[in-house]
Amino acid sequence: MKSPNYGDNPEHYKQLIAKINQEVDFAMYLQRNGYKLINKSAGSMEFQNDEDRIVLQTKRNPVTYFNRNDSFDKGLFCKYLMRRSANFYKAVQAGLKIVNQANTVQTDILQPKKTKVRAKSLEENYNITPLRNSHYLRIHRSISPKTFNSPLFRGRIFNAYHIRDNGGRIANIAFPKYDLDGNAKNYILYNKPYHSKKDNETKKFRLVLNQKDHLLFHSKPIENPKKIIFGESGIDLLSYYELHGKPDNFYVSFGGNIYQEKLKHFLQLVRPMLTNESTRLVSILDNDLKGCEFDLKVFAALINEYNPNVYIETAFRSDNASVRIHYTEKIRSRLPHHTQILNEKLTSDIRKDDLVFGPVRCIGFSDKILLEFSLQEVANITHSKQKVFKTILETINALYLPFGADLHKSQGKDWNDDLKATKKEKFVRMETVQRQNIAVDDKIELNTVKGPEGGTNQGVVKSIKENGVECDFGLSYTYAIPYPAIKAHFKRSTGQVSEQGNQKSKMNSKNNNLQNILS
């Protein structure tokens, strides 16, 4: 009998090979055949036996591999089999057998055997309830109740209570992550930084509850929003809304990181809203290097989605960015003109010698435009009220996006920093220290370089005594400071005594052990 020949039906064998590469669980196969898992990360798994060290690149679909001990041993699963089989046909047969065995095992597993107990929902597992305790938002993030109770955000922010062993409860703030139907499938929790006993370090508290991290938090959907505003966190959205927000805008948060699955979900979410030609996209991502990198990723994804004639690739290394804008044959004749526009726009906002020697390099090729620059430099060089990075990205957006797009950067690192800055109490330094002029909520500075417990020497006055003042230095206790120990007096510019300050003073007077120091 004549043996099968690949040349007789190549398409059939291509389909079989594709089926094998797609359906075989590569990692499971290696483990069942004597390989030991020695390393694992978000995008790869490494296995080892007596001869080989196989690295699987699990982010790719189908999964690919390479052998650290043999540079020619790499590719898809069928390539792995062919390197270890007598001939091509036996490798294909072995692959089909593995697929069939896996399907048989999966069918057996799926057979119902007994009724399972109902799994608890996320809300039950993490004690998620409607927002009642807003302490973290109000005190630590300076966000007013009027903001998170506005129609766009009311009912979309929650508490997630952590129950301590002693029965006490910690009220975290929970921002839901919604699917495209508006159902909360995950939550991201925030609270003030905590001290890790394990590492003896202060760490930021941010917790994503399950693997559905690609879903996004957003405000209440509205028809035909004037602007679609996207930022890094829900805190940033609330802060921006309090400073600049309007009720006819739609707000979206990427949750602190941006990757391909999130970008795909973002594009699906905003697509129905971008049918209105007057709707503009506004980035309020952080005013730092990571925020600039995220800007490039988001707008590149938007251009690739909405402009079929160009394709943009971005790459980042050591705070340096490169943007490759590939042109299709259809519009390649416009490439020289677009290169000229970019160079002219950059030249008008950057000194000519800066353009030639840095920070921006713009070169037009026959099929693409290459932009290279240092994020560190372009994010910090200001010309005519505009940062160079803003000029680069808004010029690219104007050339390739079919709708309007803007960048709105905060003065500080992010919009919550800007919001806090607007609410900081201002103090005026008095020429002399006169006890009759000192009032509650004023600030004082001590004669010594350091204050109580080796901390700051500036404290806020919480109550006035006959022989001194009671001050808050940001410690566990308030301290009684005699008048002779005061070097400088700072008057609150508003001249108002806060009700919260008086209440805290009364509580501290009852509960704290006041200590006379520096007498």
Side-chain angles (χ1 to χ4, degrees), residues 120-164 166-194 203-210 212-222 225 228-257 269 284 414-420 422-423 498-500 503-504:
K120 285 187 177 181
S121 67
L122 274 175
E123 288 76 12
E124 292 170 319
N125 265 331
Y126 294 93
N127 304 301
I128 294 173
T129 66
L131 182 64
R132 294 287 182 270
N133 187 333
S134 59
H135 182 271
Y136 173 71
L137 293 176
R138 292 182 293 103
I139 306 303
H140 296 277
R141 293 297 195 161
S142 300
I143 297 170
S144 71
K146 184 178 179 181
T147 297
F148 51 77
N149 286 323
S150 64
L152 286 178
F153 294 103
R154 187 188 301 124
R156 302 180 79 81
I157 305 169
F158 298 81
N159 282 130
Y161 287 96
H162 171 70
I163 311 301
R164 290 175 163 173
N166 61 7
R169 303 199 305 171
I170 300 175
N172 300 309
I173 299 297
F175 288 89
K177 288 173 168 280
Y178 298 104
D179 63 14
L180 294 175
D181 294 322
N183 302 311
K185 296 296 184 181
N186 194 6
Y187 292 83
I188 181 169
L189 310 187
Y190 291 90
N191 212 325
K192 63 183 180 180
Y194 67 98
K203 294 188 174 182
K204 181 187 292 186
F205 180 84
R206 193 186 74 185
L207 179 65
V208 179
L209 297 187
N210 63 28
K212 297 177 182 178
D213 185 43
H214 67 283
L215 302 177
L216 307 176
F217 168 76
H218 56 78
S219 62
K220 182 181 178 181
I222 57 177
I228 298 172
I229 297 170
F230 59 89
E232 289 196 27
S233 72
I235 300 293
D236 292 331
L237 299 188
L238 293 173
S239 302
Y240 185 85
Y241 182 80
E242 187 162 332
L243 290 168
H244 305 288
K246 294 183 179 179
D248 56 356
N249 296 337
F250 179 65
Y251 299 83
V252 185
S253 158
F254 277 97
N257 55 12
L269 176 66
I284 61 166
D414 56 39
W415 288 103
N416 190 240
D417 282 355
D418 281 18
L419 179 63
K420 287 179 179 177
T422 65
K423 297 189 176 183
S498 72
E499 182 180 348
Q500 183 183 1
Q503 290 174 349
K504 184 175 180 181

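A distance-only check finds no donor-acceptor pair linking the side chain of N159 to the backbone of A171 [under 3.5 Å].
Every residue was checked against the ring pair (Phe, Tyr, Trp, His ring centres under 6.0 Å) condition with Y126, not counting sequence neighbours, and none meets it. Partners of F148 according to the ring pair (Phe, Tyr, Trp, His ring centres under 6.0 Å) rule, which considers only residues two or more places apart in sequence or in another chain, do not exist here. Residues passing the side-chain contact (heavy atoms from CB on, under 4.5 Å) test with N149 are P145, sequence neighbours excluded. For Y194, the side-chain contact (heavy atoms from CB on, under 4.5 Å) criterion is met by S196, K203, F205, not counting sequence neighbours. Remark: E242 engages K423 in a salt bridge (Lys or Arg N to Asp or Glu O under 4.0 Å) (not counting sequence neighbours). Scanning for side-chain contact (heavy atoms from CB on, under 4.5 Å) contacts around K146 gives S144, with sequence neighbours left out.
Ring planes of Y178 and H218: tilted class, angle from 30 to 60°. The aromatic rings of Y251 and F153 sit tilted, their planes meeting at an angle between 30° and 60°.
Here the CG atom belonging to N191 is positioned 9.5 Å from the CG atom belonging to L137, to the nearest 0.5 angstrom. Remark: N172 CG to L207 CG distance equals 8.0 Å, nearest 0.5 Å. Here CG of L131 is found 12.0 Å from CZ of R154. Values are rounded to the nearest 0.5 Å. To the nearest 0.5 Å, the span separating NZ on K192 from NE2 on H140 amounts to 4.5 Å. Taking NE2 from H135 and CD1 from I170, the interatomic distance works out to 13.0 Å, rounded to the nearest 0.5 Å. Annotation: the span from I228 atom CD1 to L269 atom CG amounts to 8.0 Å, rounded to 0.5 Å.
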Review point. Could you go step by step and tell me if N125 and L209 meet the side chain to side chain contact (heavy atoms under 4.5 Å, CB included) rule?
Key: CA-CA 10 Å; N125 265 331; L209 297 187; over 6 Å; no

Check your understanding: After noting the C-alpha distance and the side-chain angles of D414 and D417, does the key distance pass the side chain to side chain contact (heavy atoms under 4.5 Å, CB included) rule?
Key -> CA-CA 5 Å; D414 56 39; D417 282 355; 3.6 Å; yes

Check your understanding: Please walk me through it: do S233 and D236 pass side-chain hydrogen bond (donor to acceptor under 3.5 Å, both in side chains)?
Key -> CA-CA 5 Å; S233 72; D236 292 331; 3.2 Å; yes

Review point. Should V252 and L237 be marked as a side chain to side chain contact (heavy atoms under 4.5 Å, CB included) after you check the CA-CA gap, both sets of side-chain angles, and the distance that decides it?
Key: CA-CA 7 Å; V252 185; L237 299 188; 5.5 Å; no

Practice item. Given side chain to side chain contact (heavy atoms under 4.5 Å, CB included), test S239 with I143 step by step and report yes or no. Key: CA-CA 7 Å; S239 302; I143 297 170; 4.1 Å; yes

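The minimum heavy-atom distance between Y241 and S150, with the atom names listed, is CE2-OG, 3.6 Å. Contact record, S121 with E124: N-OE1, 2.9 Å, taken as the closest heavy-atom pair. Closest non-hydrogen pair, Y187 versus A174, comes out as CD2-CB, 4.0 Å. Taking both residues in full, the closest heavy atoms of L215 and D179 are given as CD2-CA, 4.1 Å, listed atom of the first, atom of the second, then distance. Of all the heavy atoms in N249 and L152, the pair that sits closest is O-CD1, 3.6 Å. Residue G255 comes nearest to I188 through the heavy atom pair O-CD1, 4.1 Å, listed as atom of the first residue, atom of the second, then distance.
The 12-atom threshold is exceeded at NZ of K420, counting heavy atoms of other residues, nucleotides or ligands nearer than 6.0 Å.
Partner Y190 forms a ring pair (Phe, Tyr, Trp, His ring centres under 6.0 Å) with one of F217, F175, F158, Y136 and no other, that one being F175. Partner of K177 under the side-chain hydrogen bond (donor to acceptor under 3.5 Å, both in side chains) criterion, out of N210, D213, N183: D213 alone.
Stacking of R132 on the aromatic ring of Y161 is not recorded, the 6.0 Å distance cut-off and the 45° axial limit not both being met.
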